[in-house]
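A short write-up of the structure that comes next.
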Amino acid sequence: MINFDLENTLFCGQSFCWRKEGEFYVAVLNNKVYRINEKSEIEDPFLIHYLDMDFDYQLALSKIRKMDPFLDEAVTKCNEIHILNQDLWETIIGFILSQNNNIKRIEGLYDTLCRTYGNEVEEGYFSFPRPHMLKDVTEEDLRNLKVGFRAPYILDAIKNAQVLLSIEDKDDREADEILQSVKGIGPKVSSCIRLFSLHRLNAFPKDVWIKKIMKLMFEGKDESIFYPYAGLAQQYLFHYARLGYLPEV
DNA sequence: CACCAGGCCGTGC
DNA sequence: GCACGGCATGGT
């Protein structure tokens with residue numbers, strides 16, 4: 001039985017691969033189709049780690065609640081959201097697609113990449129393509145898939161896939177440096193990748209929503225007030241705001 | 001028609 | 001160092 005908020009976790013904008021199909025949430029991960037819901041007994045070690053079920057969220061959330069009343073409210077409304085341990089490569093491309101884009105369209109582009117270059121692991125279900133499956137892709141190919149100006153960025157990531165996939169055991173500063181050496185990866189995308197695939201909990205992605213909230217609710221302060229759970233706090237603020245709870249300006 | 005979306009790049013100062 | 005326009009696409 002799942003004892004955290006699965007729906008908020010899967011649809012709070014950290015992942016682009018989950019779909020709702022009937023009573024299940026469905027995604028292709030780890031080269032197979034996963035179908036889960038709130039009643040699922042999660043025993044697969046891959047899923048336990050992916051869903052971050054070994055992390056002490058009771059402790060983290062009790063600390064976060066004490067940091068700020070607005071944040072406390074966000075945790076109350078959004079329940080227990082987990083930070084996923086997603087595949088590094090899939091997260092890199094996913095968040096390159098995210099820039100100056102909206103979540104619906106990011107999901108669509110992500111799905112198109114799977115259908116075009118991934119493996120069909122079950123009829124109608126495609127994996128996200130590994131770097132070697134993309135080695136012959138051209139900019140024109142990608143533009144035909146409607147990724148727009150992100151096409152050369154994706155190509156640069158493919159070209160540098162090997163070094164990109166070596167950042168798992170690098171420290172934050174060096175990981176950031178390697179990530180941002182790729183064209184199209186700046187500070188925001190880099191921090192998303194570190195947070196949502198490497199579980200670097202102090203990474204604090206500053207998108208338009210977060211910038212708005214920080215200005216509105218935490219004027220003059222920065223993410224260090226949320227250490228050592230800045231990334232988790234960020235995700236609550238982001239999701240809470242997107243649900244429509246941003247106070248009127 | 002405008003403006004926006006989980007930004008970043010190139011240029012100019 | 002910071003400010004600005006441009007960028008593909010689709011939605012409102």
Side-chain angles (χ1 to χ4, degrees), chain A residues 7-18 71 74 78 81-84 86-113 115-116 128 137-160 164 175-218 222-223 226 230-246 249:
Chain A
E7 174 143 3
N8 278 340
T9 295
L10 300 181
F11 297 105
C12 66
Q14 60 176 320
S15 173
F16 306 114
C17 63
W18 289 93
L71 196 44
C78 301
I81 294 178
H82 283 199
I83 301 293
L84 299 171
Q86 301 183 80
D87 177 82
L88 176 55
W89 175 246
E90 296 173 13
T91 308
I92 288 170
I93 301 300
F95 279 93
I96 286 177
L97 291 173
S98 78
Q99 66 167 276
N100 204 38
N101 212 344
N102 62 70
I103 292 181
K104 266 283 158 286
R105 218 171 79 83
I106 299 164
E107 290 171 345
L109 293 173
Y110 190 95
D111 187 56
T112 300
L113 285 178
R115 291 178 180 281
T116 308
F128 191 87
V137 172
T138 67
E139 178 168 340
E140 191 190 354
D141 293 336
L142 291 171
R143 285 189 185 265
N144 287 338
L145 302 180
K146 306 301 177 190
V147 303
F149 63 87
R150 306 167 191 87
Y153 304 163
I154 295 169
L155 282 185
D156 199 36
I158 295 169
K159 197 174 74 186
N160 294 289
L164 282 173
D176 248 335
E177 203 171 294
I178 293 172
L179 285 167
Q180 293 186 36
S181 72
V182 170
K183 203 178 283 297
I185 300 183
K188 194 272 173 181
V189 169
S190 178
S191 60
C192 284
I193 294 165
R194 288 190 296 112
L195 180 57
F196 301 133
S197 77
L198 302 185
H199 212 262
R200 305 295 173 90
L201 283 192
N202 273 339
F204 193 82
K206 289 188 264 273
D207 74 313
V208 289
W209 294 92
I210 292 296
K211 284 176 183 165
K212 217 180 293 181
I213 295 169
M214 291 306 285
K215 186 162 175 51
L216 213 55
M217 308 297 296
F218 304 95
D222 69 10
E223 64 268 31
F226 304 128
L232 185 58
Q234 178 274 160
Q235 200 52 22
Y236 275 96
L237 296 175
F238 174 78
H239 192 54
Y240 190 54
R242 279 198 355 116
L243 290 176
Y245 294 104
L246 196 63
V249 183

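In what follows, chains carry the letters A, B, and so on, assigned in the order in which the sequence lines appear, proteins first and then strands, with residues in each chain numbered from 1. Predicted model, so just to flag it, every value in this text is computed and none were measured.
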Calculate the interatomic distance between [X] atom [atom1] and [N] atom [atom2]; express it in whole Å.
{"X": "Y240(A)", "N": "dG6(B)", "atom1": "OH", "atom2": "P", "answer": "19 Å"}
{"X": "L142(A)", "N": "dC7(C)", "atom1": "CG", "atom2": "P", "answer": "19 Å"}
{"X": "I154(A)", "N": "dG7(B)", "atom1": "CD1", "atom2": "C1'", "answer": "14 Å"}
{"X": "N101(A)", "N": "dT9(C)", "atom1": "CG", "atom2": "P", "answer": "11 Å"}
{"X": "I185(A)", "N": "dG6(B)", "atom1": "CD1", "atom2": "C1'", "answer": "14 Å"}
{"X": "K146(A)", "N": "dG11(C)", "atom1": "NZ", "atom2": "P", "answer": "13 Å"}
{"X": "K212(A)", "N": "dG7(B)", "atom1": "NZ", "atom2": "P", "answer": "11 Å"}
{"X": "I106(A)", "N": "dC4(B)", "atom1": "CD1", "atom2": "P", "answer": "17 Å"}

Check: Reading DNA chain C 5' to 3', how would its secondary structure be written in dot-bracket notation, given Watson-Crick and G-U pairs with both distances under 3.5 Å, brackets [ ] for crossing pairs and | for partners on other strands?
Finding: |||||||.||||
Notebook entry, point to check: Start at the 5' end of DNA chain B and walk down; is the nucleotide closest to K183(A) or to I210(A) reached first?
Noted result: I210(A)
Checklist line | Reported CG-to-CD1 distance for the pair D156(A) and I96(A), which is rounded to 0.5 angstrom | finding: 8.0 Å
Using a cut-off of 4.0 Å on non-hydrogen atoms, how would the nucleic acid contact of [X] be classed: base, sugar-phosphate, or nothing?
{"X": "F196(A)", "result": "base"}
{"X": "G184(A)", "result": "sugar-phosphate"}
{"X": "Q235(A)", "result": "base"}

Checklist line | Test of ring centre spacing under 6.0 Å for F218(A) and F226(A) | finding: yes
On a whole-Å scale, what distance lies between the [atom1] atoms belonging to [N] and [M]?
{"N": "dG6(B)", "M": "dC2(C)", "atom1": "P", "answer": "26 Å"}
{"N": "dA8(C)", "M": "dT11(B)", "atom1": "P", "answer": "15 Å"}
{"N": "dG10(C)", "M": "dC9(B)", "atom1": "C1'", "answer": "22 Å"}

Margin query: Using a strict threshold of under 4.0 Å (side-chain N to carboxylate O), is an ion pair present between E140(A) and R143(A)?
Written below: no
Next item on the list: For residues L142(A) and A151(A), report the shortest heavy-atom separation together with the two atoms involved.
Entry: CD1-O, 3.6 Å
Notebook entry, point to check: Can you name the nearest heavy-atom pair linking I106(A) to L97(A), along with the distance?
Noted result: CG1-O, 3.9 Å
Note to self: Under a 3.5 Å distance rule, please check whether T116(A) uses its side chain to pair with a backbone N or O of L113(A) as donor and acceptor.
What the structure shows: no
Next item on the list: Mark yes or no for whether N8(A), through its side chain, and I81(A), through its backbone, hold a donor-acceptor pair below 3.5 Å.
Entry: no
[X] side chain: which of [options] is closest?
{"X": "I103(A)", "options": "dC8(B), dG6(B), dA8(C)", "answer": "dG6(B)"}
{"X": "Y153(A)", "options": "dC9(B), dG10(C), dG6(B)", "answer": "dC9(B)"}
{"X": "F95(A)", "options": "dA8(C), dG6(B), dC8(B)", "answer": "dG6(B)"}

Check: With distance as the sole criterion, is a donor-acceptor pair present between the side chains of S98(A) and N101(A) under 3.5 Å?
Finding: no
Checklist line | Any K104(A) side-chain nitrogen or oxygen under 4.0 Å from OP1 or OP2 of dT9(C) | finding: no
Note to self: Any side-chain N or O of R150(A) below 4.0 angstrom from OP1/OP2 of dA8(C)?
What the structure shows: no
Checklist line | Ring-base stacking, F238(A) with dG6(B) (5.5 Å, 30° cut-offs) | finding: yes
